[in-house]
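For reference, the structure is listed below as structure tokens.
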Amino acid sequence: MMTLTRALGLLALLACATSVLGVPQLSEEQLNYAEQDSVLSKEHLKALHALKDLHELGFLTRDEFDQRRHALIDEITSSKVTVEQPGDVGTEHLPYNSTINFLLSQLKRGLPRSYNDILPSGASFWLTPAYLDKGAFAPGVGHVPLDSMIAVQERTLTRYGLNLYDGATWQIALGLAGLKEVSDIYERGVLYTSSTGANPVVGGIISIRANKNSFKYGAKKVAGDALDQVTLPDNATYVPPLPNGSPSPTAVHKIQGAYFYRMIGPDYKMEDPLNGFYGPTWKTPYPNNDTTTPWNNFGEVHFNDWKPITGENVWAAFTGPLQSMWIGNCSGIYDKKNKTDDFEAQPKDTSCLRDFMTFDEAPGPVQLALSILPALKALQSPLGSMYHCPEGTEMFPADENEATNVSNENNVSAYAAFKMLQQILFAKTKGTTDKVLLAAKTDISDLIKGLEGWFKQYLLPPKGEKDEPRVVYQGGHVSFDGKYEPVKINDVQGFAVDCQTWGAAVIGQKLLDDSYGDGTAYNMWQEAKAHAGYYDETGKLGGVGYTQEKNGTAVWSAEWTFGAILMTRKLAAEYKAAGNAQYASALQADADSMWELVRKPVKVCPNTDEWCGGGLQQRDGGYMYANARFFIPWGWYANPVSALCSTAWEVMLVNNFNPFIFGGDLTTSFLPDPTQEELDEHYLMHARVMLGRAH
């Protein structure tokens with residue numbers, strides 16, 4: 001039994017034993033005392049000595065040493081963080097639980113990080129068997145050395161980088177936790193300025209916009225520096241980089257309406273967890289023939305993920321900020337006069353969002369969305385889909401026809417985002433004659449119309465096509481003259497779980513079943529489970545992985561499982577409303593099963609840091625990105641570390657918040673779609689203003 005006296009004595013002993021200045025040799029009497037009741041073993045003391053030695057030899061930084069020392073003390077004293085199992089809607093935003101604390105802890109220098117590569121035990125993921133046994137690898141190549149550029153890129157981007165989609169989910173989750181002002185730091189300081197820092201002394205990435213001549217957008221190959229100019233949101237300023245890469249002495253309020261890069265970070269130069277600040281594979285001109293970095297003959301490790309992708313952009317510039325705006329104004333969480341735990345604002349009470357008649361009067365999140373419209377317009381294909389990226393992106397894995405690449409995950413993300421902006425513009429700018437707002441209403445309506453045509457005709461394989469399951473294509477290529485060549489479902493990269501889950505969640509049961517036959521949405525989910533379902537040792541459904549597994553590894557993703565839970569909940573409600581109680585019941589049962597299992601605490605294998613069962617929530621409060629290391633065939637790695645997006649998705653679903661619908665309701669938007677009459681009136685007004693005949 002642990003008494004207060006024994007606890008005080010033990011902590012004093014630990015304080016002595018873990019001193020950075022030296023770990024003293026303990027007497028046999030002290031060792032015997034320490035081992036009483038199995039509180040402190042000789043193995044624990046050896047571990048403390050080993051930590052000290054590793055730190056003094058330079059293998060551990062001071063921060064890593066402190067993290068591991070604290071984790072070991074927690075283990076010895078049984079003072080580990082208790083994993084709080086989230087409760088019902090309305091009870092999780094205050095006070096902060098371990099999940100929210102994890103999201104807060106990821107904020108570093110003005111922006112969150114996508115992952116935490118320091119495990120709850122204090123170990124660096126990169127020094128564990130989970131990484132080292134599999135090593136680094138590249139698509140089409142296989143194993144690559146740990147000091148290869150690909151390996152260094154993965155480690156540095158994992159440690160320091162932010163994927164913009166992850167940032168958007170983080171915004172929504174913190175808003176639901178009553179912490180919108182924290183996420184506003186990132187929205188205003190990074191997204192509005194299009195930079196993570198322009199002072200070379202302080203550090204940062206001068207520009208996070210793909211507005212260079214090397215990027216060619218869409219069929220017309222509009223150069224990034226030739227896109228239409230846009231005004232930055234909230235009167236923010238941008239410091240453009242000069243041709244030599246240094247910042248301009250003059251800040252501007254207008255820039256080209258280009259995409260953001262999918263990944264950003266707080267610094268241009270980075271320290272790799274294994275290589276440090278330098279790597280031989282980064283030296284220019286040999287072996288790194290990168291003409292943009294002729295200065296790098298020393299081989300300095302630096303940020304180089306300059307990839308503007310449609311999916312990340314619509315989440316970062318539309319979904320995250322617009323939903324955050326709704327949460328801040330309409331959810332009731334921030335109503336100080338009548339503070340409430342009820343997230344459901346009255347559907348007819350839309351006065352929480354103000355009207356605006358000019359661009360200058362528009363809320364910052366609306367202005368931000370408008371700032372990438374020129375790029376979006378340029379990247380819509382002749383068939384209505386969005387192109388995945390502009391030419392010059394240098395996709396990973398490489399695609400020699402990247403300019404015509406299409407992704408249906410991007411398409412459904414874009415459709416949900418576009419609907420939010422359209423609903424806001426038509427509901428809150430009635431009667432406007434502002435040219436910028438009128439053009440935006442036209443552009444966003446045209447983008448939506450194109451995507452709806454794509455969804456009705458090109459989303460699934462034709463009925464009866466041999467050896468092709470009736471599921472959503474991952475994507476393929478749409479030529480500039482309008483010919484579609486999908487990637488076959490059973491090919492590498494052909495089956496993507498999120499195209500099924502997000503696809504059904506966004507497009508909905510009615511459009512899918514009306515366009516492709518009764519039961520299509522339901523059967524898409526059955527195929528997803530068959531190809532990539534994760535089941536526990538009892539055969540119970542726990543969730544999904546990423547794609548069809550061909551190597552026997554049961555990959556389980558927390559983030560993609562939460563997406564599947566949203567989809568099954570939504571389809572259950574829609575099939576119930578349509579009168580199909582059998583489908584509704586089966587879908588709800590799957591949602592409940594996944595929800596129960598994924599939120600259980602992780603079980604760690606003995607004497608390792610590897611996942612050995614249980615659920616996917618770690619002791620640090622975060623949810624694992626996946627239960628095992630796995631290369632996702634569309635260009636990134638899944639690792640068993642706590643992830644920003646996985647954790648944010650859990651917070652959204654705890655609060656019954658659907659990020660794909662404005663206002664977070666499961667099936668109904670806070671604002672209505674414009675009627676055909678309203679669309680016709682708008683197009684007429686836009687034409688009159690363009691001709692100078694507004695009245």
Side-chain angles (χ1 to χ4, degrees), residues 408-409 412 459-461 467-474 488-509 512-513 516-576 580-600 613-616 623-628 630 632-634 638 646 649-650 653 660:
N408 276 321
E409 177 272 305
V412 297
L459 202 61
L460 275 70
D467 299 326
E468 286 287 89
R470 292 278 283 173
V471 297
V472 175
Y473 286 122
Q474 182 277 327
K488 297 299 183 181
I489 302 296
N490 290 316
D491 288 354
V492 175
Q493 296 188 324
F495 180 80
V497 171
D498 62 348
C499 288
Q500 319 314 316
T501 56
W502 286 15
V506 170
I507 299 169
Q509 169 266 329
L512 285 168
D513 286 6
Y516 296 97
D518 288 345
T520 294
Y522 178 80
N523 290 324
M524 280 166 47
W525 171 235
Q526 306 313 307
E527 290 283 355
K529 288 189 293 181
H531 283 77
Y534 170 82
Y535 297 84
D536 72 2
E537 63 276 6
T538 70
K540 190 171 184 177
L541 178 66
V544 293
Y546 302 98
T547 186
Q548 46 201 346
E549 309 297 348
K550 296 182 178 179
N551 59 1
T553 301
V555 177
W556 189 16
S557 163
E559 179 216 355
W560 289 38
T561 293
F562 287 129
I565 292 169
L566 172 66
M567 179 271 293
T568 47
R569 287 176 177 178
K570 185 170 186 286
L571 286 186
E574 291 174 335
Y575 273 115
K576 183 177 180 180
N580 194 326
Q582 180 182 353
Y583 282 2
S585 177
L587 287 159
Q588 188 60 54
D590 283 348
D592 294 343
S593 179
M594 292 186 287
W595 186 241
E596 176 189 349
L597 293 189
V598 73
R599 296 168 73 232
K600 289 184 175 181
L616 292 177
Y623 278 83
M624 279 183 164
Y625 192 62
N627 64 333
F630 179 77
I632 301 168
W634 304 287
S646 300
W649 264 95
E650 194 268 358
L653 295 193
F660 295 118

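- Judged by distance alone, the side chain of K570 and the main-chain N or O of A505 form a donor-acceptor pair under 3.5 Å.
- Here OH of Y583 is found 8.0 Å from CD of Q526. Values are rounded to the nearest 0.5 Å.
- Heavy atoms only, all atoms of each residue included: T561 and M594 are closest at CG2-CB, 4.2 Å.
- Side-chain atoms of W595 and R569, non-hydrogen and from C-beta on, do get closer than 4.5 Å to each other.
- Closest approach of D513 and T520 over heavy atoms only: OD1-N, 3.0 Å.
- To the nearest 0.5 Å, the span separating NE2 on H531 from OG1 on T547 amounts to 8.0 Å.
- The line from CE of M524 to CG of L459 is 7.0 Å long, rounded to the nearest 0.5 Å.
- Atom CH2 in W649 sits 7.5 Å away from atom CD in E559 (nearest 0.5 Å).
- Side-chain contact between Q500 and V544 is absent, with no heavy-atom pair separated by less than 4.5 Å.
- The shortest side-chain heavy-atom distance between L597 and Y534 does not fall under the 4.5 Å cut-off.
- When all heavy atoms of M567 and A504 are compared, the pair lying nearest together is CG-CB, 3.6 Å.
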Decide side-chain hydrogen bond (donor to acceptor under 3.5 Å, both in side chains) for E527 and N523; before the verdict, give the C-alpha distance in whole Å, the side-chain angles of both, and the deciding distance to 0.1 Å.
CA-CA 6 Å; E527 290 283 355; N523 290 324; over 6 Å; no
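- Between the S557 side chain and the A626 main chain, no donor and acceptor come within less than 3.5 Å of each other.
- With contacts defined as side-chain heavy-atom distances shorter than 4.5 Å, the pair V598/E650 does not qualify.
- Of the inter-residue distances, the one linking S593 atom OG with L541 atom CG reads 5.0 Å to the nearest 0.5 angstrom.
- When W556, W560, F562 are each tested for a ring-ring contact (aromatic ring centres under 6.0 Å, His included) with Y623, only one passes: F562.
- Between the Y546 side chain and the A638 main chain, no donor and acceptor come within less than 3.5 Å of each other.
- Proximity of Y473 to I489: side-chain heavy atoms (C-beta onward) are separated by under 4.5 Å at one or more points.
- Q588 CD to L571 CG: the interatomic distance, rounded to the nearest 0.5 Å, is 11.0 Å.
- Side-chain atoms of R470 come within 3.5 Å of backbone N or O of Y516 as a donor-acceptor pair.
- With a 6.0 Å radius and a threshold of 12 heavy atoms from other residues, nucleotides or ligands, K529 has its NZ atom above the threshold.
- Counting only distance, with no hydrogens or angles, the side chain of T568 and the backbone of I565 share a donor-acceptor pair below 3.5 Å.
- Taking each heavy atom of G503 and V412 in turn, the nearest pair found is CA-CG1, 3.8 Å.
- Side-chain contact between S646 and L616 is absent, with no heavy atoms from C-beta onward closer than 4.5 Å.
- The closest donor-acceptor contact from the side chain of D498 to the backbone of W502 lies at 3.5 Å or more, if one exists at all.
- The shortest distance between side-chain heavy atoms of I507 and V472 does not fall below 4.5 Å.
- Side chains of Y522 and N580 form no contact here, defined as non-hydrogen atoms less than 4.5 Å apart.
- When every heavy atom of V471 is checked against every heavy atom of P461, the shortest pair comes out as O-CD, 3.1 Å.
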